[in-house]
Amino acid sequence: MNSIKNAPIGVFDSGVGGLTVAREIMRNLPMERIVYFGDTARVPYGSKSKDTIIRYSRQIIRFLKTQDVKAIVIACNTASALALEEVKKELDIPIIGVVKPGAKVAAETTRNKRIGVIGTAATAGSHLYRELICSINPEITVIEKACSLLCPLVEEGWLKDEITESVIRRYLEDLMEESIDTLILGCTHYPLLRSTFSKIVGEHVNLVNPAYETAQELKRLLDREHLASEGTVEEEFPYRFYVSDAAERFTDFANSILPYDVRITKQIPIEEY
Ligand code: DGL
């Protein structure tokens, strides 16, 4: 029972956004345990430099390794775009991000070959979505847009709020004139605003949430590496939650969106890792 196959998956984000990815892992890989870390003391990542995001990611990975995780999912587009390639080289366990799975599904499903991507300033500035989509199909036009205010609005819990709706309308104005048929929600916080996005972009635009594809990619990875959990998740707390600040607030947020009763979130001093 103590085989590596039954070890947890480490999942991390700058805050609550990665819970949208953890939620898909819970739904699609119900046998897997999860250790989640939300860097609530240092959110948002989207306005930070590449060096800082790499440093934060390294610290979080060191912490997750103390929890004996068997694989890591970077449930943050910003850290996936800016730090994944760097930290991957240093790691002896498998690690995946959310950008590649999201880019793949969008490239495969667009009909008019015009894709919009919204995310943080760092993600948009990395142009990684464009690069990956065009490497799959060079005929696709990708229009990237930074929506820097949206992550803080989600962290604030303003999910169904008219101010958030006006901010989204303002950000999407130009994008909607580009005749896109696919819009990638390129920040893991954004699926929490999905109904507002749908209302604004209309039915003819397909919203891509990379979280589902990431869970499928994780499944393939665990099978390939012979790391998939063998037993059922029987223990009382198969999912453990850690943050760098404001643990109670995180617990309340997590309980409002997860299909699981989060009893406790622990705060850890992430700068010490
Ligand atoms: N949820 C993250 C992402 O997917 C980060 C948002 C932020 O911290 O700025 O990009």
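Counting starts at 1 for both ligands and their atoms, in listed order.
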For the pair Tyr242 and Phe63, name the ring-plane relationship: parallel under 30°, tilted 30 to 60°, perpendicular over 60°. perpendicular
Does any N/O atom on Thr123 come nearer than 3.5 Å to any N/O atom on ligand 1? no
Could you check whether atom CD of Glu248 has more than 12 heavy atoms from other residues, nucleotides or ligands sitting under 6.0 Å from it? no
Polar side chain donor-acceptor pair, Arg42 to Gln59, under 3.5 angstrom: yes
Numbering the atoms of ligand 1 from 1, which are under 4.0 Å from a heavy atom of Val43? 8 (O)
Between the candidates Asn77, Leu82, Ile74, Thr120, which shows the shortest non-hydrogen contact distance to atom 4 (O) of ligand 1? Asn77
Whether Cys76 lies under 4.0 Å from ligand 1, heavy atom: yes
Just need the protein heavy atom nearest to atom 9 (O) of ligand 1, so name the residue and atom and give the distance. Gly46 N, 2.8 Å
Could you tell me which atoms of ligand 1, counted from 1 in the order shown, lie closer than 4.0 angstrom to a heavy atom of Asp13? 1 (N), 2 (C), 5 (C)
What I want to check is whether the side chains of Thr110 and Asp181 have a donor and an acceptor closer together than 3.5 Å. yes
Using the ring of each side chain (for Trp, its six-membered ring), is Phe197 parallel, tilted or perpendicular to Tyr190, with breaks at 30° and 60°? tilted
With respect to Tyr239, which candidate in Val262, Val35, Asp261, Ile34 satisfies the side chain to side chain contact (heavy atoms under 4.5 Å, CB included) definition? Ile34
Arg170 atom CZ: more than 12 heavy-atom contacts under 6.0 Å: no
Considering non-hydrogen atoms of the protein only, which is the closest contact for atom 5 (C) of ligand 1, and what is the distance? Ser14 OG, 3.4 Å
I need the nearest protein heavy-atom contact for atom 7 (C) of ligand 1: residue, atom name and distance, please. Tyr45 N, 3.3 Å
Measure the distance from atom 10 (O) of ligand 1 to every protein heavy atom, then report the residue, atom name and distance (to 0.1 Å) of the closest one. Thr78 OG1, 2.6 Å
Considering only heavy atoms, does Cys151 approach ligand 1 within less than 4.0 Å through its side chain, its backbone, both, or neither? side chain
